[in-house]
Amino acid sequence: MFIQTEATPNPDVIKFLPGKPVLEQGTRQFATSDEARASPLAEALFAIDGVAALFFGNDFLTVRRSPESSLIWAELKPPILAAIMDFYTSGQPILREVEVKTDIVYEGELGQIVAEIKDLLDTRVRPAVAQDGGDIEFDSFDLESGTLYLHMRGACSGCPSSSATLRQGVETLMKHYVPEVKQIEAVI
C-alpha cells in the first residue's frame with residue numbers, strides 16, 4: 001500500500017491519501033479522543049503522541065498536530081503512516097456506527113435560497129477546499145439578516161488563511177449568485 005501525503009495551507013495539518021476510500025459519503029471530524037471512539041482508525045491515530053485532531057473525507061484524511069507538541073512532521077509521519085496501513089490491512093470498518101444527520105427543513109422561498117446555497121457549496125466550494133484537506137458545510141441561513149452560517153472542517157478549521165478564504169472567496173461567490181446572502185459567519 002502506498003500512502004501519499006500533501007502539505008496543506010495550515011502548517012499544523014497534513015493530508016494523507018491512502019489510495020482507498022476513507023468515507024463512502026460525507027465527512028467526519030474528530031476533535032477529541034472521546035470522539036475518536038467512533039472509528040478504529042481515529043482511535044489508533046489519537047494514540048500517537050502529538051496528534052490533536054482528525055478529519056476524514058471521501059478519499060483522504062487530515063491529521064492536525066498539537067501546537068504544544070515538540071514533535072516535527074518528520075517524526076510524526078512514520079507512526080501515522082503505520083497506523084493507516086495497519087488499519088487498512090485489518091479489514092475493520094472505518095466507523096463503528098453510522099451517524100444519521102437530520103437537517104433543518106426549509107420551505108418556500110427560503111427553501112429555494114437554501115437549495116441554491118447548498119448547490120454552490122457542493123459544486124464550487126467544497127471540491128476546491130477538499131484539495132487543501134478541508135471541508136465547508138452548510139449549517140443554517142437567516143433570511144432576515146442575510147447571514148449564512150458555515151462549518152469549517154479539517155485543515156480549514158483554525159487555518160490562518162481560512163478567514164480570508166471565507167470572506168474573499170466564499171462570501172463573494174455567494175453574494176454574487178445568491179443576493180440574499182449579505183454575510184458569512186463560521187460556526188465553531
Side-chain angles (χ1 to χ4, degrees), residues 1 3-6 8-10 12-46 51-64 80 83-85 87-88 90-107 110-141 148-159 162 165-166 169-170 173-174 177-178 181 184-188:
M1 178 175 195
I3 302 169
Q4 294 179 324
T5 62
E6 291 180 3
T8 70
N10 187 339
D12 287 328
V13 178
I14 288 193
K15 181 177 176 180
F16 293 82
L17 298 125
K20 296 181 179 213
V22 178
L23 288 180
E24 294 295 326
Q25 61 183 33
T27 60
R28 184 77 184 256
Q29 184 160 299
F30 302 93
T32 66
S33 57
D34 284 342
E35 291 176 6
R37 290 187 197 143
S39 167
L41 176 56
E43 273 187 321
L45 291 169
F46 262 101
V51 172
L54 306 167
F55 178 77
F56 292 177
N58 182 8
D59 62 349
F60 70 91
L61 61 116
T62 62
V63 176
R64 178 180 305 275
I80 292 170
I84 295 169
M85 272 192 216
F87 168 77
Y88 277 100
S90 76
Q92 296 179 74
I94 191 82
L95 296 174
R96 291 194 169 96
E97 55 188 59
V98 178
E99 184 179 284
V100 177
K101 198 169 137 180
T102 56
D103 289 336
I104 299 170
V105 176
Y106 294 94
E107 296 177 350
L110 183 56
Q112 290 175 341
I113 293 167
V114 168
E116 286 180 55
I117 290 168
K118 287 181 176 182
D119 183 58
L120 282 170
L121 285 171
D122 289 344
T123 59
R124 297 215 175 176
V125 178
R126 293 178 84 192
V129 174
Q131 289 179 341
D132 288 336
D135 194 20
I136 295 180
E137 293 180 345
F138 175 84
D139 179 74
S140 61
F141 178 66
L148 172 59
Y149 296 93
L150 301 172
H151 287 281
M152 306 291 282
R153 304 234 189 254
C156 294
S157 179
C159 176
S162 69
T165 299
L166 196 60
V170 180
L173 176 81
M174 288 295 169
Y177 287 102
V178 185
V181 173
I184 294 180
E185 294 292 329
V187 176
I188 298 173

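What you see is a predicted model; the values in this text were computed from it and never measured.
- A distance of 4.0 Å separates CZ in R96 from CD in E43, rounded to the nearest 0.5 Å.
- In this structure, the separation between CD on Q112 and CD on E107 is 12.0 Å, given to the nearest 0.5 Å.
- When each of V114, I113, I117 is checked for a side chain to side chain contact (heavy atoms under 4.5 Å, CB included) with L148, only I117 meets the rule.
- Atom CZ of F87 and atom CG of L61 lie 10.0 Å apart (nearest 0.5 Å).
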Derivation and outcome, side chain to side chain contact (heavy atoms under 4.5 Å, CB included), residues R64 and N10: CA-CA 9 Å; R64 178 180 305 275; N10 187 339; 3.1 Å; yes

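- Using cut-offs of 30° and 60° on the angle between ring planes, the pair F55 and F60 is tilted.
- Listed by chain and residue number, E35 satisfy the side chain to side chain contact (heavy atoms under 4.5 Å, CB included) test with A31 (two or more places apart in sequence, or in another chain).
- With sequence neighbours excluded, no residue forms a ring pair (Phe, Tyr, Trp, His ring centres under 6.0 Å) with F141.
- Once rounded to the nearest 0.5 Å, the distance linking CG of D139 with CD1 of I184 reads 12.5 Å.
- For L41 against A83, the heavy-atom pair with the smallest separation is CD1-O, 4.0 Å.
- A pairwise comparison of heavy atoms in F30 and A36 identifies CD2-CA, 3.7 Å as the closest pair.
- In this structure, S39 contributes its side chain and I94 its backbone to a donor-acceptor pair below 3.5 Å.
- Here the closest heavy-atom approach between residue P18 and residue I84 is recorded as CB-CG2, 4.3 Å.
- With sequence neighbours excluded, the residues that form a salt bridge (charged side-chain N to carboxylate O under 4.0 Å, His left out) with D122 are R126.
- Note that the CG atom of L23 and the CZ atom of F56 stand 7.0 Å from one another [nearest 0.5 Å].
- Nearest heavy-atom pair, P21 versus Y88, reported as atom, atom and distance to 0.1 Å: O-OH, 2.9 Å.
- In this structure, L45 CG and S33 OG are separated by 12.5 Å, a value rounded to the nearest 0.5 Å.
- Only one option out of V125, L121, V181 pairs with L173 in a side chain to side chain contact (heavy atoms under 4.5 Å, CB included); it is V125.
- Closest approach of L120 and Y177 over heavy atoms only: CD1-CB, 3.4 Å.
- Shortest non-hydrogen contact noted between L54 and V63 is CD2-CG2, 3.8 Å.
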